[in-house]
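What follows is one structure encoded as structure tokens, with my remarks underneath.
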Amino acid sequence: MDIRRATRPEVVEAAGHLFDSAPLPEATARFLADQRHHLLIAYVDDTPAGMITGVETTHPDKGTEMFLYELGVDEPFRGRGIARALVAALERLARERGCHGMWVATDEGNEAAQATYSGAGGVPEKDQVVYVWTFGQE
């Protein structure tokens with residue numbers, strides 16, 4: 001397995017099957033243009049097998065931390081440690097970039113994600129609730 005940072009739209013497009021939906025060209029260009037946005041792709045025999053995205057967020061009194069935005073591994077490649085390797089790669093990148101920590105939110109019932117994050121050294125935050133606002137879908 002080889003993990004590489006995606007920096008070109010055609011690389012993202014070739015790994016499009018790893019996302020929830022097909023990558024949007026304008027959003028892809030905007031994501032890649034921001035040096036605080038990170039997309040790592042895991043390859044097995046030059047086939048995109050998994051991906052992870054991270055976004056650096058900075059707050060005046062907290063500094064910068066990495067938000068693990070999304071993690072996905074293609075079905076045929078699951079159970080091989082790819083997800084955990086991607087999380088570890090994003091953690092290394094966060095440390096290299098001076099982040100003081102990294103965080104992610106996941107569904108309560110997503111046992112696979114929870115096992116991956118725990119296995120990669122993450123610790124669940126107690127008594128947290130996630131709120132969302134969805135725009136343009138009324």
Side-chain angles (χ1 to χ4, degrees):
M1 175 184 42
D2 182 31
I3 297 176
R4 300 179 221 149
R5 184 166 181 181
T7 58
R8 298 185 331 268
E10 59 271 18
V11 172
V12 178
E13 185 178 324
H17 64 284
L18 300 171
F19 293 84
D20 293 333
S21 303
L24 306 170
E26 185 177 309
T28 298
R30 196 168 165 191
F31 184 93
L32 295 175
D34 192 324
Q35 66 179 354
R36 297 163 300 177
H37 294 176
H38 310 284
L39 169 56
L40 306 177
I41 300 175
Y43 294 87
V44 174
D45 298 326
D46 286 324
T47 299
M51 68 85 188
I52 192 167
T53 56
V55 177
E56 293 176 42
T57 60
T58 302
H59 194 270
D61 70 338
K62 293 173 184 58
T64 302
E65 59 188 345
M66 184 69 73
F67 167 50
L68 190 168
Y69 192 92
E70 188 170 348
L71 172 66
V73 176
D74 201 11
E75 186 75 40
F77 297 99
R78 292 182 185 166
R80 300 186 191 184
I82 293 171
R84 194 173 294 177
L86 283 164
V87 173
L90 186 63
E91 178 187 352
R92 280 191 302 279
L93 179 62
R95 289 175 184 273
E96 289 169 9
R97 297 203 35 101
C99 295
H100 69 82
M102 185 166 85
W103 66 280
V104 64
T106 191
D107 297 330
E108 276 185 311
N110 191 336
E111 294 175 10
Q114 290 179 42
T116 296
Y117 301 139
S118 290
V123 178
E125 191 76 26
K126 301 290 185 219
D127 301 320
Q128 295 294 307
V129 177
V130 176
Y131 290 85
V132 299
W133 287 255
T134 304
F135 305 116
Q137 297 181 1
E138 291 83 34

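All of these numbers come straight from a predicted model, not from anything done at the bench.
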Given side-chain contact (heavy atoms from CB on, under 4.5 Å), test F31 with V12 step by step and report yes or no. CA-CA 11 Å; F31 184 93; V12 178; over 6 Å; no
Expected output: side-chain H17 to main-chain P48 donor-acceptor under 3.5 Å: yes
Tell me whether D34 at atom CG has more than 12 heavy atoms from other residues, nucleotides or ligands lying less than 6.0 Å away. yes
With a cut-off of 3.5 Å and sequence neighbours excluded, list every side-chain donor-acceptor pair involving residues 115-133.
residue	atom	partner	partner atom	Å
T116	OG1	A112	O	3.0
S118	OG	Q114	O	3.1

Same cluster (ILVMFWY, side-chain, under 4.5 Å), F77 and Y43: no
Test item: I41 and R4 side chains (from C-beta on) under 4.5 Å apart, heavy atoms: no
To the nearest 0.5 Å, tell me how far L32 CG sits from R5 CZ. 8.5 Å
Please check if atom CZ in R36 has more than 12 non-hydrogen atoms from other residues, nucleotides or ligands closer than 6.0 Å. no
Evaluate L39 against M51 for side-chain contact (heavy atoms from CB on, under 4.5 Å), listing each step before the verdict. CA-CA 7 Å; L39 169 56; M51 68 85 188; 4.1 Å; yes
Could you measure the distance from the CD atom of E111 to the OG1 atom of T106? Nearest 0.5 Å is fine. 11.0 Å
Please report the shortest heavy-atom distance between P9 and T28, naming the atom on each side. CA-CG2, 4.1 Å
What residues, two or more places apart in sequence or in another chain, satisfy salt bridge (Lys or Arg N to Asp or Glu O under 4.0 Å) together with R97? E56
Test salt bridge (Lys or Arg N to Asp or Glu O under 4.0 Å) applied to E10 - qualifying residues, sequence neighbours left out: R8
Residue list, salt bridge (Lys or Arg N to Asp or Glu O under 4.0 Å) with R30, at least two apart or on another chain: none
Would you be so kind as to tabulate the donor-acceptor pairs closer than 3.5 Å made by side chains of residues 60-69, with sequence neighbours excluded?
residue	atom	partner	partner atom	Å
D61	OD1	H59	ND1	2.5
T64	OG1	T58	OG1	2.6

Which residue is it: V87, L71, I52? I am looking for the one with a side-chain contact (heavy atoms from CB on, under 4.5 Å) to L40. I52
Grab the two heavy atoms, one from G50 and one from L86, that are nearest each other, plus how far apart they are. C-CD1, 3.7 Å
Less than 4.5 Å apart, any side-chain heavy atom of E70 and any of D20? yes
Does a sphere of radius 6.0 Å around CD in E13 hold more than 12 heavy atoms from other residues, nucleotides or ligands, not counting ones at 6.0 Å or beyond? no
Report all side-chain donor-acceptor pairs from residues 78-85 shorter than 3.5 Å, counting only partners two or more places apart or in another chain.
residue	atom	partner	partner atom	Å
R78	NE	V73	O	2.8
R78	NH1	E75	OE1	2.8
R78	NH2	V73	O	3.0
R80	NH2	P76	O	3.4

